[in-house]
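First up is the structure itself, then whatever we jot down about it.
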There are 2 protein chains.
Amino acid sequence: MLTIGTLSKKTGTKVQTIRYYEQIGLMPEPGRTEGGQRRYDNAQLDRLSFIRHSRQLGFSLDAIRELLDLSDHPNRPCNEADAIARRQLKQVEQRMARLKALRTELKRMVHECSGGRTGDCKVLEVLRDHSECLTEHEEIGA
Amino acid sequence: MLTIGTLSKKTGTKVQTIRYYEQIGLMPEPGRTEGGQRRYDNAQLDRLSFIRHSRQLGFSLDAIRELLDLSDHPNRPCNEADAIARRQLKQVEQRMARLKALRTELKRMVHECSGGRTGDCKVLEVLRDHSECLTEHEEIGA
DNA sequence: CTTGAACCTCTAGCGGCTAGAGGATGTATC
DNA sequence: GATACATCCTCTAGCCGCTAGAGGTTCAAG
């Protein structure tokens, strides 16, 4: 029987976050002591590890919900899980491409700033005028 | 004299977002018509473009606040602006490194999923057991 | 003078947590 | 059995950077 604190340490998830996962139905309601404290078993530890690991790989909580569901039904065909992972991979690749463009632009800005007055600071100048950019870049929703 | 809608179109910023920027003090309070509608001038258009472009480069609103402030004072030394840009560059590079590790892992997952039942789906298996991962990866706060 | 697109304010919500107040419980030690 | 104190509990509110919608007003063209 594990306390929430132990679970927290074992998975690297904050206590508050575990309770939050319970609240949104990602983690099941655990057993309680007479005094009302949560007690977990190993199945729940595994589930939280799964969630945690999926988060580290960038899956959204909704995607994780689906993945957990699939994981709970070992006889279903697994192409759904595969599709979710492929979607995630695609997203990661898109984000990388965007970051690459940003890096180029930022490097150029920093490199060209000669250290004078802000009046002729290259960094600020570039920010003022997009047309100076060599690459297209659309971050914002990343 | 530009309406908020025109400003929106010219900069690619949503109307609601412009009002939000005003609310948090990033954009100045514009003039109003007798009926109470906002009217902007070109200085404000420039300012919003600056903000928008900075956002595209991934700067936080706080960083942008600083950059705008520096931009308003052309006689200050510009190493602060440079420092902000360098910080941002560093962050971008860190995020890219993390995404790279994630991509590797996701590729491996997807590649090894042979399309059977979820019971022996490689995707789910990897999520269940972090020790199968070849690389370290810590996303989450990205 | 009428239409209707664009404007206004206000509130609430998104994802994914995180922090803090204020109090109860559990366990180790005496 | 008493005491100390770490850990637990619930609840509310906040973070970032918007976004959406309700319900109402204003502006410009025809």
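Naming convention: chains lettered A, B, ... in sequence-line order (proteins, then strands); numbering from 1 in each chain.
Residue-level contact check: B:Arg38 touches the backbone only, with heavy atoms under 4.0 Å from sugar-phosphate atoms and none from bases. At the heavy-atom level, A:Ile24 lies nowhere under 4.0 Å from the strands shown.
Checking D:dC18, C:dC7, C:dC17 against the side-chain heavy atoms of B:Val15 singles out C:dC7 as nearest.
Checking A:Thr3 against B:Gln37, the closest nucleotide of DNA chain C that is more toward the 5' end is the one next to B:Gln37.
Applying the 4.0 Å criterion to OP1 and OP2 of C:dT9, one finds that B:Arg32 has a side-chain N or O inside that range. The shortest distance between the side-chain N/O atoms of B:Thr17 and the OP1/OP2 oxygens of D:dG17 is not below 4.0 Å. When the side-chain nitrogen and oxygen atoms of B:Arg55 are compared with OP1 and OP2 of D:dC18, one or more of them lie within a distance under 4.0 Å. The side chain of B:Tyr21 places no N or O atom within less than 4.0 Å of a non-bridging phosphate oxygen (OP1 or OP2) of D:dG17. For D:dG17, neither phosphate oxygen OP1 nor OP2 lies less than 4.0 angstrom from any side-chain nitrogen or oxygen of B:Lys14. The shortest distance between the side-chain N/O atoms of B:Thr33 and the OP1/OP2 oxygens of D:dC27 is below 4.0 Å.
Formation of a donor-acceptor pair under 3.5 Å by the B:Arg52 side chain with backbone atoms of B:Gly12 is found in this model. Within the 3.5 Å criterion, the main-chain N or O of B:Asp72 finds no donor-acceptor partner in the side chain of B:Asp69. With hydrogens and angles ignored, the 3.5 Å screen pairs no side-chain donor or acceptor of A:Ser8 with any backbone N or O of A:Ile4.
What separates CD of A:Gln23 from C1' of C:dG16 is a distance of 12 Å, to the nearest Å. For B:Leu7 and C:dC7, the CG to P distance is 10 Å, given to the nearest whole Å. In this entry the distance linking CD of A:Gln16 with C1' of D:dC11 reads 10 Å, nearest Å. Regarding B:Tyr40, its OH atom lies at a distance of 14 Å from the C1' atom of C:dA6, rounded to whole Å. A straight line from CD of B:Glu34 to C1' of D:dC27 spans 12 Å, rounded to a whole angstrom. One interatomic measurement links the two molecules: OH of B:Tyr20 to C1' of C:dT9, which rounds to 17 Å at whole-angstrom precision. For the pair A:Lys9 NZ and D:dC8 C1', the interatomic distance rounds to 12 Å; values are reported in whole Å. When rounded to the nearest whole Å, the span between CD1 of B:Ile18 and C1' of C:dT9 equals 16 Å.
Taken to the nearest 0.5 Å, the NE2 atom of B:His53 stands 4.5 Å off from the CG atom of B:Leu57.
Taking the charged nitrogens against the carboxylate oxygens, A:Arg86 and A:Asp82 do have a contact shorter than 4.0 Å, which makes a salt bridge.
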